[in-house]
Amino acid sequence: MNLLNEEQRLAVEQIDGPVMVIAGAGSGKTRVLTYRIAHMMHKGTDPFRILALTFTNKASKEMRERIEHVMGPEARNLWMGTFHSVFAKMLRIEADLLGYPSSFTIYDTDDSKSLIKTILKEMNLDDKVYKPSTILGRISSAKNNLISPVEYAEDSEIRGSDESAQRPFLWEVYSRYAARCFKAGAMDFDDLLFNTNKLLKLYPDILAKYQHKFKYVLVDEYQDTNYSQYVILRRLAAVNRNICVVGDDAQSIYSFRGANIQNILNFQKDYPEGKVFKLEQNYRSTQTIVKAAGSIIKNNKDQLSKEVWTDNVQGDKIKVLRAVSDNEEGRMVANGIFEEKMRNHSHNTDFAILYRTNSQSRALEESLRRINILYRVYGGTSFYQRKEIRDVIAYMRMVVNPNDEAALQRIINYPARGIGDTTINRLITCADKYDKPLWEVVKNAVIYPELKSAVGNLLNFASMIEAFAINNRSMSAYDSAMYITKNSGLLKVLYDDKSIEGIARYENIEELLNGIKEYTEEDTITFLDEAPEEKSLANFLQSISLLTDADKDDPENNDRVTLMTIHASKGLEFENLFVVGLEENLFPSQLSLGSRAELEEERRLFYVAVTRAKKRLTLSYATSRFRFGTMISNEPSRFLKEIDPSLVEMTAPLRDPFEDNSWGGGGFGGGKFGGGYTREPKSEYVKPGSGGGFKGKPPINNPIGKIIPKSAPPPIRPGFVADDTANLQEGMRVEHQRFGMGNVQLIEGRGDGRKAVIQFDEFGEKNIILKFAKLKMHLN
DNA sequence: TACTAAGCTCTTTTT
DNA sequence: GAGCTTAGTA
């Protein structure tokens with residue numbers, strides 16, 4: 001498809017005035033945006049007067065590359081990026097107006113949560129009632145609706161709802177949290193938008209500056225904007241009114257983050273003179289897939305009318321796989337990929353597996369590894385979230401911004417330097433009492449009598465950080481990072497740890513340092529009207545603070561199968577797609593069954609998943625699944641039944657110990673390897689009321705496991721002799737009352753070095769983790 | 001204060 | 001499965 005169709009062309013050429021493009025899945029949305037920007041540049045608009053906003057770094061990177069392809073290097077001067085990164089940049093330029101240092105730290109969710117935890121402790125609030133994640137959610141949604149701490153405290157309706165949720169002091173937590181962030185010179189993700197609004201509201205001259213600077217404003221995925229983003233856009237576009245929003249209400253899947261589908265539904269009210277274009281022809285998928293998607297989404301009530309269609313070939317039917325367990329599901333998917341690769345000589349990159357929750361990736365990974373298919377997992381715990389990386393970065397953050405409280409708390413006693421909990425609690429009390437940042441108290445520990453016993457250790461820490469800061473001024477980012485890592489004692493701690501995990505952590509630090517080196521050597525995108533970016537440690541930290549795992553590409557081998565959540569897959573497409581875990585309570589999620597709106601969002605999520613497929617789509621479900629430590633049984637997802645049955649082909653399961661093959665009839669499912677047990681274990685072996693789990697202490701007279709030395713072949717019998725898990729050794733044979741024989745094995749990928757008893761099925765595949773034992777592994 | 005083992009609890013999606 | 005807490009020891 002090289003030419004634009006009529007509707008696309010109209011959307012591209014209408015560059016003046018408000019424009020909304022409703023773009024169905026696969027209708028060439030990015031193409032329209034790209035050509036539109038190219039068209040503006042052709043007509044003589046300076047690229048740095050065009051602001052193009054996306055939701056992910058990936059999307060903005062891709063668009064920039066495509067425009068560069070059409071327009072050449074000039075495209076680098078576009079103001080293009082995610083909402084968060086573009087406005088973070090703007091805030092750094094204007095920071096002092098709001099009382100922030102321009103080197104302000106960006107707190108990620110973990111930083112925010114740990115700050116909330118310290119505040120809760122100070123306020124003596126129960127963190128079972130005030131769950132940090134819930135609190136953060138409330139604060140986040142307040143900020144996204146531009147409700148300041150003061151407004152929150154004064155709003156009787158909000159206070160009322162907090163009170164009825166038994167959280168009457170939430171307003172105060174919010175207020176303290178905001179004050180602490182400010183004192184620490186830190187903004188969280190929501191602050192980046194909240195403070196941009198504050199800036200544009202309080203300083204009309206600044207607003208005017210940016211209103212005139214940006215002649216054109218373009219927004220991708222408009223259906224995902226929240227109120228805060230919406231107000232920023234309204235303000236910036238108020239003068240020129242050249243705003244173009246592109247989106248698809250059927251793909252709105254971020255309401256949990258404050259996204260308001262009304263923004264796209266109300267566009268015509270906001271801009272009555274605006275033009276609306278609908279892109280309804282799908283260029284991506286086969287007839288079958290387009291029709292299936294249509295048959296799903298038509299069950300939703302909230303939507304703009306549109307009819308997505310395609311000229312493409314009919315294509316294969318959609319396959320549905322039924323597995324007995326999550327492991328079997330993984331096996332079936334992996335085999336499916338293998339066979340397809342054999343048949344069509346496809347590359348790994350032509351395949352993707354999408355799931356609802358990150359935790360589902362594990363079973364899939366194991367199956368892929370077993371048959372040597374390379375894969376790459378996006379999302380989950382990213383490189384920058386690993387403990388050792390966060391530790392090093394915390395040191396760097398303190399060097400750049402010593403007031404950064406989250407960083408200080410993280411490293412003040414790591415590596416251990418005699419500053420324990422007692423001292424830290426006293427520090428916090430002091431800081432609160434005299435209204436000083438923690439760092440000020442640490443640095444001047446001498447003058448606070450309550451810190452007397454720890455003065456020496458505190459001052460040592462302070463002078464170390466100050467020395468790092470002084471060095472940092474005259475060193476490159478890389479040298480400075482190296483210096484910090486070595487002299488903080490971090491490197492030594494990791495170097496001395498010769499366990500498998502310790503070595504991996506050491507290597508991760510090396511990788512981080514290499515990354516910094518690369519950063520100092522590559523040239524980064526800056527805007528024409530700005531000074532070129534200095535390769536300082538501060539700028540490195542800024543450049544990674546808004547990165548996610550999806551933005552990190554590995555040079556090793558790029559022909560890999562993609563594994564990601566459906567949320568992360570938006571905007572992507574794959575020849576062969578597997579969507580797994582189509583089970584009630586998982587997809588749709590149990591937590592979304594409360595209201596029609598939530599269920600419809602899950603359905604839109606399924607719609608997004610299905611429309612990622614170009615040629616072949618396979619859906620799968622497992623009748624029982626290992627979740628939070630226990631096996632549970634479930635039914636196929638209601639969404640499966642919504643697909644037009646003429647488009648679907650049921651595939652016989654590889655092995656099915658049960659006769660019941662019918663849709664929805666498999667509730668009791670379960671195989672010989674767990675879940676949905678065909679017979680209840682004899683009661684004397686089971687901890688009363690445990691439901692079959694192996695958590696908690698085994699009853700004294702009712703042991704759960706017996707360890708048998710490898711040399712002596714164990715008799716197989718139903719009874720058990722207990723032993724302490726601490727005695728477990730790699731390779732030991734172990735008998736389990738319910739699961740039978742198993743071996744003790746090191747679990748791959750576990751950070752804490754615990755070993756587990758594992759059972760093997762008849763294929764020699766790992767099946768059930770029975771029990772953990774914490775033992776350190778040492779290399780020979 | 002530092003460290004370890006084991007118990008308890010909760011479980012969606014992400015810039 | 002994993003983070004966090006608690007109890008106990010050094």
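The figures here come from the full heavy-atom set of this structure, side chains too, leaving out hydrogens, waters and symmetry mates. All chains are named by letter (A, B, ...) in the order of the sequence lines, taking the proteins before the strands, and each is independently numbered beginning at 1.
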Q: Measure the acute angle between the ring planes of Phe104(A) and Tyr100(A), then classify it against the limits of 30° and 60° as parallel, tilted or perpendicular.
A: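 Plane angle over 60°, so perpendicular.
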Give a yes/no on whether any side-chain N or O of [X] is located under 4.0 angstrom from OP1 or OP2 of [N].
X         : N       : answer
Lys131(A) : dT11(B) : yes
Arg356(A) : dT13(B) : no
Thr565(A) : dT12(B) : no
Asn358(A) : dT11(B) : no
Thr357(A) : dT11(B) : no
Lys58(A)  : dT15(B) : no

Q) If you pin Phe189(A) and Leu591(A) to their nearest nucleotides in DNA chain B, which one's is more 5'? A) Leu591(A)
Q: Return the 5'-most residue of the pair Ile419(A), Ser592(A) with respect to DNA chain B, ranking by each residue's nearest nucleotide.
A: Ile419(A)
Separation of [N] [atom2] from [X] [atom1] (nearest whole Å):
X         : N       : atom1 : atom2 : answer
Tyr384(A) : dT15(B) : OH    : C1'   : 16 Å
Glu221(A) : dT15(B) : CD    : P     : 12 Å
Glu601(A) : dT12(B) : CD    : P     : 15 Å
Arg603(A) : dT13(B) : CZ    : C1'   : 18 Å
Arg362(A) : dA2(C)  : CZ    : P     : 7 Å
Asp126(A) : dT5(C)  : CG    : C1'   : 13 Å
Tyr414(A) : dT1(B)  : OH    : C1'   : 17 Å
Tyr254(A) : dT15(B) : OH    : P     : 6 Å

Selected nucleotide, minimal atom distance to [X] side chain, candidates [options]:
X         : options                  : result
Arg257(A) : dT15(B), dC4(C), dA2(B)  : dT15(B)
Ala416(A) : dT15(B), dC3(B), dT14(B) : dC3(B)
Thr422(A) : dT15(B), dT13(B), dT1(B) : dT1(B)

Name the nucleic acid region contacted by [X], choosing base, sugar-phosphate or nothing; use a 4.0 angstrom heavy-atom cut-off, strictly under.
X         : result
Thr423(A) : sugar-phosphate
Lys113(A) : nothing
Asn413(A) : sugar-phosphate
Phe256(A) : base

Would you verify whether the NZ or CZ of [X] falls within 45 degrees of the ring axis of [Y] while also being under 6.0 Å from that six-membered ring's centre?
X         : Y         : result
Lys570(A) : Tyr254(A) : no
Arg603(A) : Phe606(A) : no
Lys387(A) : Tyr414(A) : yes

**Q.** Arg397(A) with Asp111(A): basic N within carboxylate O range, under 4.0 Å
**A.**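 So Arg397(A) pairs with Asp111(A) through a salt bridge.
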Q | Pair Lys58(A) + Glu62(A): basic N to acidic O under 4.0 Å | A | no
Q | Is_stacked (Phe83(A), dT15(B)) at 5.5 Å, 30 deg | A | no
